[in-house]
Amino acid sequence: MLNLEALDLARIQFAFTVSFHIIFPAITIGLASFLAVLEGVWLKTHNDTYRDLYHFWSKIFAVNFGMGVVSGLVMAYQFGTNWSGFSDFAGAVTGPLLTYEVLTAFFLEAGFLGVMLFGWNRVGRGLHFFATVMVAIGTLISTFWILASNSWMQTPQGFAIVDGRVMPLDWLAIVFNPSFPFRLAHMAIAAFVATAFFVGSSAAWHLLRGNDTAPVRKMFSMALWMALIVAPIQALVGDAHGLNTLEHQPAKIAAIEGHWDNADNGPSPLVLFGLPDMQAEKTRYAIEIPYLGSLILTHSLDKQIPALKSFPKEDRPNSTIIFWSFRVMAGLGLLMILVGLLGLALRRNGKVYRHRGFQRLVLLMGPSGLIALLAGWITTEVGRQPWVVYGLMRTHDAASHHSVAQMSTSLALFVVIYCSVFTVGIGYMMKLVSKGPQPHHEHPPAGDATQTPRRPLSAATTSLESAARTH
């Protein structure tokens with residue numbers, strides 16, 4: 001397969017599966033909090049618009065949650081099948097952290113998810129709201145533990161190496177490692193931003209089709225407020241995260257910037273665009289802005305950013321990839337801020353629900369949050385290379401000893417199965433979105449089998465089989 005080695009195929013397989021997976025938890029995190037807000041406001045105001053929106057988005061949440069669980073199970077198995085060297089070396093740290101995620105977040109979500117999805121007419125309003133809040137908290141706790149594990153791989157501390165294996169010494173130091181607070185905040189906010197544009201684009205689609213109802217207007221308005229508030233905060237958190245990365249992973253920053261040399265003692269320029277060439281050790285066709293690299297990355301005009309040539313070749317991340325993945329993330333982030341500001345200006349002029357050009361822009365920006373999130377993960381994970389645990393274990397030492405034929409077969413199977421299963425699932429979710437919010441009936445329909453066991457997808461009343469037939 002394209003003369004790739006088994007290690008390359010293992011990395012591609014993990015990247016492929018995690019890229020499919022991460023979009024579902026991101027939307028789950030954002031929608032869970034959105035649902036908690038909707039139900040809380042409904043309880044306070046008794047405005048049925050919020051109730052109708054809750055039931056509309058709870059169906060989409062259920063489908064998304066189910067796909068996230070299915071795709072997430074695969075990730076855990078790959079640690080043992082494809083990355084046994086890593087599991088043997090660092091399992092004493094990463095294993096307990098992932099176990100804590102299951103014992104706290106997953107059990108919390110599973111315990112209250114049934115009440116949230118199926119208990120609207122079966123439990124009191126206070127208890128149902130409590131269940132919704134617990135599910136939302138569970139998604140954030142899950143984010144906490146997953147990011148703790150991944151951040152430790154980026155900036156490991158609180159351990160000793162005994163007989164070639166990592167042994168935990170200080171769990172507080174392990175969990176609250178140097179990059180963890182920044183990466184946790186960055187990921188959680190990214191989930192909220194991605195969800196805001198998902199919700200906003202759904203509302204824009206309905207407005208453009210003439211479905212100008214109170215619930216559609218409300219979710220459009222709430223999404224724009226969220227974008228206006230959270231997107232600039234994400235830029236500030238990203239800046240702090242960059243400073244932290246400069247301190248602990250300077251080679252990653254050098255690769256992100258496509259910066260190869262510090263020819264003198266002057267400030268470093270910012271390379272806006274170019275084509276980093278790892279073989280020639282330079283960025284071709286570079287468009288630079290003098291001084292701006294130092295100003296943005298060091299917050300001064302007398303400090304230089306690291307140069308890639310100052311690191312051994314074997315320790316350099318692939319600048320060709322992360323130079324552009326970072327710019328995709330940052331560029332979309334700036335567009336999101338612009339959309340929030342345009343929404344505010346149109347709101348002040350009373351045109352936010354009538355300006356079709358703006359609505360088309362919001363519709364086009366629908367996937368922008370998820371694309372930016374994927375680009376961010378590519379930047380941070382490819383930028384960690386050639387280390388799987390930064391400074392401690394190289395990626396080629398972490399892989400299992402599989403043949404090219406074995407890895408090619410498993411990768412091909414993953415591509416076929418994932419594209420088949422999740423295309424249907426995503427199409428089903430989009431079909432639910434296209435129906436729009438409907439008035440909710442307080443009482444279940446006659447013949448509702450209240451004793452029948454339920455699964456999350458049961459909360460979406462449209463037949464999955466019918467969705468599969470249409471895709």
Side-chain angles (χ1 to χ4, degrees), residues 8 10-31 60 64-65 67-72 74-75 78 139 142-143 146-147 149-151 153-154 179 182-202 227 230-231 234-235 237-238 241-242 245 249 252 255-256 317-337 339 363-385 388 411 414-415 418-419 421-423 425-427 429-430:
D8 301 318
R11 291 181 61 190
I12 292 171
Q13 181 174 305
F14 194 88
F16 175 79
T17 52
V18 78
S19 296
F20 258 93
H21 171 66
I22 193 63
I23 63 175
F24 301 121
I27 296 299
T28 296
I29 294 165
L31 279 186
I60 299 162
N64 190 84
F65 184 90
M67 291 191 291
V69 171
V70 171
S71 60
V74 177
M75 308 307 304
Q78 285 189 80
T139 63
S142 178
T143 308
I146 297 298
L147 266 294
S149 177
N150 188 271
S151 297
M153 294 164 64
Q154 302 276 350
S179 65
F182 304 95
R183 301 184 76 246
L184 175 65
H186 204 47
M187 176 58 198
I189 295 173
F192 293 143
V193 173
T195 304
F197 279 90
F198 178 40
V199 172
S201 66
S202 303
V230 180
Q234 180 71 316
V237 172
H241 185 19
T245 305
Q249 296 175 304
K252 181 187 290 188
I256 287 172
N318 192 322
S319 179
T320 307
I321 296 175
I322 64 176
F323 179 89
W324 283 105
S325 62
F326 177 81
R327 278 151 183 77
V328 168
M329 177 188 69
L332 287 174
L334 292 175
L335 281 176
M336 294 176 200
I337 294 174
V339 169
L363 177 61
L364 291 174
M365 288 290 290
S368 62
L370 293 174
I371 295 172
L373 185 145
L374 286 172
W377 273 101
I378 290 171
T379 302
T380 195
E381 295 303 299
V382 176
R384 181 179 58 192
Q385 300 301 316
V388 67
L411 175 59
F414 270 115
V415 171
Y418 268 53
C419 290
V421 173
F422 292 110
T423 297
I426 293 172
M429 189 163 62
M430 292 300 101

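What you see is a predicted model, and the numbers here were worked out from it, not measured in a lab.
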Open item on the list: Would the distance check show the side chain of T379 and the main-chain N or O of F326 forming a donor-acceptor pair, the cut-off being under 3.5 Å?
Closed with: yes
Task: Validation row: N150, E381 side chains within 4.5 angstrom (heavy atoms) - done: yes
Task: Closest non-hydrogen atom pair between A255 and S319, with its separation - done: O-OG, 2.7 Å
TODO: For residues S71 and M67, determine if any side-chain heavy atom of one lies less than 4.5 Å from a side-chain heavy atom of the other.
DONE: no
Task: Between OG on residue S179 and CG on residue L147, distance to nearest 0.5 Å - done: 9.0 Å
Could you pull out every donor-acceptor pair under 3.5 Å between side chains of residues 366-378 and any protein atom, sequence neighbours left out?
residue: S368; atom: OG; partner: M365; partner atom: O; Å: 2.5

TODO: Taking the side chain as every heavy atom from C-beta outward, state whether V382 and S325 have any pair of such atoms under 4.5 Å apart.
DONE: no
Open item on the list: Just so I know, are the side chains of N318 and Q385 near enough to count as touching, which here means a heavy-atom distance under 4.5 Å?
Closed with: no
Task: Between CD1 on residue I426 and CZ on residue F24, distance to nearest 0.5 Å - done: 4.5 Å
TODO: Would you mind reporting whether L411 and V415 have side-chain heavy atoms less than 4.5 Å apart?
DONE: yes
Task: T320 to W324 - nearest heavy-atom pair and separation - done: O-CD1, 3.7 Å
- [ ] Mind listing the closest non-hydrogen atom pair of I22 and P25 along with its distance?
- [x] O-CD, 3.4 Å
Show me, pair by pair, the donor-acceptor contacts under 3.5 angstrom made by side chains of residues 184-199, not counting sequence neighbours?
residue: H186; atom: ND1; partner: Q234; partner atom: OE1; Å: 3.0
residue: T195; atom: OG1; partner: A191; partner atom: O; Å: 2.8

- [ ] Please name the pair of heavy atoms, one in F182 and one in V237, separated by the smallest distance, quoted to 0.1 Å.
- [x] O-CG1, 4.1 Å
Task: Gap separating the CG atom of L334 from the CE atom of M329, nearest 0.5 angstrom - done: 10.0 Å
Open item on the list: Is the shortest side-chain heavy-atom distance between T380 and R384 below 4.5 Å?
Closed with: no
Open item on the list: Check the orientation of F20 and Y418. Use parallel for under 30°, tilted for 30 to 60°, and perpendicular for over 60°.
Closed with: perpendicular
Task: Nearest non-hydrogen partners of T17 and Q78, listed with the distance - done: OG1-NE2, 2.7 Å
